[in-house]
2 protein chains.
Amino acid sequence: MSIRYALLGIISKKPVTGYDVVTIFKQKMIYFWSSTHSQIYKELHKMEEEDLITHQLVIQGTSPNKKVYSLTDQGKKDLIRWAIEEPLKPAKIKDEFLIKTTIFPILSEEEINQLLDEVIEREHSILAKTKEWKEHFHSQGDSDIGTILTVEYGIRYSEMYLEWCKWAKQMIQDKA
Amino acid sequence: MSIRYALLGIISKKPVTGYDVVTIFKQKMIYFWSSTHSQIYKELHKMEEEDLITHQLVIQGTSPNKKVYSLTDQGKKDLIRWAIEEPLKPAKIKDEFLIKTTIFPILSEEEINQLLDEVIEREHSILAKTKEWKEHFHSQGDSDIGTILTVEYGIRYSEMYLEWCKWAKQMIQDKA
DNA sequence: AGGCGCATGTAATTAGTTACATGATTCA
DNA sequence: TGAATCATGTAACTAATTACATGCGCCT
């Protein structure tokens, strides 16, 4: 249900198309939420039915038409109500790698190190991309405090993960 | 689908009842996965159908009977195959608070601080509980490397979160 | 000629949550 | 006597994923 408020949050900044919502979501929210275009389009339809958003159809002659969504008064009210009144649900993480970590005792040291190296590489590349995005937003003059805070979260999360991996490698070596 | 391997991982350590699986899951895997007893019992049934686990019924006279599950050879093989062969899926986080963070610009400073304080308190209590568990496992002589690594992950995650919150508060104050 | 970006959707399936349902034992 | 722990399940619903489906314009 929270996906709805993520989308409402995006549209609240400025009117955008469904396609834009998907793009912005993947740029800015990938650090703390996940979704697909398929779910997003469906949720946009539901929100429109419930009068939280409306759209204006923009006919673009040659290129495909697009729907530009914006918040209704009710949508904005509901977004703020949710933010300040709705009790916070605990964060949910689904991290496959840490499941694999729990069974390290039945894997060989070589296999463990291979897995750890893989995840280190992945996290390095995520971190690099996040830092790139941070620079990008910065250079675009995007000083939205929400963006600043959540991008910083993404960077800190990846850094923590990498440090933990380094520590884990040491632990494995010491135990062997 | 990964929930299956989380459960297989638990049962691989020693034969346990469904109830035990639920309990262990909530103690040890809460930092990186989430599920409910309802989903777990269903998955156990499916895994038994597919010959990855079997159970022995233990009749306990007065208290309710229980099913003690253990891995079949096929189950163990599949668990290891998954761990070393199956390509790693990226971690998925669903953190409501960070959605709320994205709309800080339309909230008052007071509302923002209230939200941040709430989340700081929550994270403090999670961290305290995690540290408690770490001591508990330690004192029980549980030196399973999987447990050591994942509990440490939980601690580092909470600490990162708290430091980020502190930094966020400072940012908000500076901006105001 | 092929791939990427823009642009929007539906269908089928699987995963996950919440509520319903029961019942004994143990401890305060 | 009421709450917590042990113990197991099903039903109804919602959320989410993957695959299917289309098509133009632009760049190389």
Side-chain angles (χ1 to χ4, degrees), chain A residues 1-8 10-11 15-27 29-30 32-50 53 55-69 87 89-96 99, chain B residues 1-8 10-11 15-27 29-30 32-50 53 55-69 87 89-96 99:
Chain A
M1 198 54 181
S2 318
I3 184 69
R4 150 165 315 193
Y5 297 101
L7 307 183
L8 240 31
I10 289 171
I11 301 169
V16 281
T17 66
Y19 188 85
D20 291 333
V21 172
V22 173
T23 307
I24 294 168
F25 182 89
K26 290 196 173 171
Q27 276 172 17
M29 299 192 163
I30 209 71
F32 57 89
W33 209 271
S34 63
S35 194
T36 54
H37 84 274
S38 160
Q39 193 192 12
I40 289 171
Y41 279 112
K42 245 195 288 175
E43 191 62 35
L44 289 173
H45 293 318
K46 268 199 279 177
M47 289 194 280
E48 190 160 32
E49 257 176 56
E50 293 176 41
I53 56 175
H55 78 264
Q56 246 190 305
L57 194 66
V58 176
I59 287 127
Q60 298 190 110
T62 54
S63 11
N65 297 339
K66 57 186 183 182
K67 294 181 177 177
V68 179
Y69 288 99
K89 283 188 210 133
K92 275 181 196 169
I93 305 175
K94 303 243 159 153
D95 190 331
E96 266 202 352
I99 296 181
Chain B
M1 198 54 182
S2 318
I3 183 68
R4 147 162 318 189
Y5 297 101
L7 308 183
L8 239 31
I10 290 170
I11 301 168
V16 281
T17 65
Y19 187 87
D20 291 334
V21 172
V22 173
T23 308
I24 295 169
F25 181 89
K26 290 195 174 168
Q27 277 172 18
M29 298 192 165
I30 208 72
F32 56 88
W33 210 271
S34 63
S35 194
T36 55
H37 84 274
S38 161
Q39 192 191 13
I40 289 171
Y41 278 113
K42 245 194 291 174
E43 190 63 35
L44 288 173
H45 293 319
K46 267 197 281 175
M47 287 194 281
E48 191 161 31
E49 256 176 58
E50 294 176 39
I53 56 175
H55 78 264
Q56 245 190 307
L57 194 66
V58 176
I59 286 123
Q60 298 191 109
T62 54
S63 11
N65 297 338
K66 57 185 184 181
K67 295 181 177 177
V68 179
Y69 289 99
K89 283 188 209 134
K92 276 183 195 167
I93 305 175
K94 304 243 159 152
D95 190 332
E96 266 202 353
I99 296 180

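The structure presented is a predicted model; accordingly, all values stated were derived computationally and were not measured. Numbers restart at 1 for each chain; the letters A, B, ... are given by sequence-line order, proteins then strands.
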- Item | Charged N-O contact under 4.0 Å between B:Glu43 and B:Lys46 | yes
Tell me every residue that passes side chain to side chain contact (heavy atoms under 4.5 Å, CB included) with [X], counting only those two or more places apart in sequence or in another chain.
X	value
A:Ser38	A:Thr36
A:Lys42	none
A:Gln60	A:Val58, A:Ser63, A:Lys66
A:Pro15	A:Val68, A:Ser70

Can you tell me how far the [atom1] atom of [X] sits from the [atom2] atom of [Y], to the nearest 0.5 Å?
X	Y	atom1	atom2	answer
B:Lys94	A:Met29	NZ	CE	13.0 Å
B:Ile3	B:Met47	CD1	CE	8.5 Å
A:Leu7	A:Gln39	CG	CD	8.0 Å

Integer-rounded Å distance: [N] [atom2] and [X] [atom1]:
X	N	atom1	atom2	value
A:Lys89	C:dT17	NZ	P	11 Å
A:His55	C:dT8	NE2	C1'	12 Å
A:Ile40	C:dT10	CD1	P	15 Å

- Once you build an axis from the first five pairs and another from the last five of the helix from C:dA1-D:dT28 to C:dA28-D:dT1, how far apart in angle are they, to 10 degrees? 40°
- Note on the structure: Residue set satisfying salt bridge (charged side-chain N to carboxylate O under 4.0 Å, His left out) with A:Lys26, at least two apart, ordered chain then number -> none
- Item | Qualifying residues under salt bridge (charged side-chain N to carboxylate O under 4.0 Å, His left out), relative to A:Glu48, sequence neighbours excluded | none
- Task: Please identify each residue that fulfils side chain to side chain donor-acceptor pair (under 3.5 Å) with B:Ser34, with sequence neighbours left out.
- Result: none
- Item | Set of residues satisfying ring-ring contact (aromatic ring centres under 6.0 Å, His included) with respect to A:His55, sequence neighbours excluded | A:Tyr69
- Task: Give, ordered by number, those residues of residues 18-26 of chain B having at least one heavy-atom distance below 4.0 Å to an atom of DNA chain C; if nothing qualifies, reply none.
- Result: none
- Item | Residue whose closest nucleotide on DNA chain D lies nearer the 5' end, B:Gln60 versus B:Lys92 | B:Gln60
Polar-atom pairs under 3.5 Å, protein N or O versus N or O of nucleotides 11-14 of chain C: list them with distances, or write none.
from	atom 1	to	atom 2	distance (Å)
C:dA11	N6	A:Ser38	OG	3.3

- Task: May I ask you to say what A:His45 touches in the nucleic acid, namely base, sugar-phosphate or nothing, with a heavy-atom cut-off under 4.0 Å?
- Result: sugar-phosphate
- Pairwise 5' ranking along DNA chain C for B:Glu43 and A:Tyr41, keeping only the more 5' one: A:Tyr41
- Return no unless some side-chain N or O of B:Gln39 is found under 4.0 Å from OP1 or OP2 of C:dA15. no
- Note on the structure: DNA chain D: first to last nucleotide in contact with chain B (atom under 4.0 angstrom from a heavy atom), 5' to 3', is D:dT5 to D:dT17
- Can you find a side-chain donor-acceptor pair between B:Asp20 and B:Thr17 that sits under 3.5 Å? yes
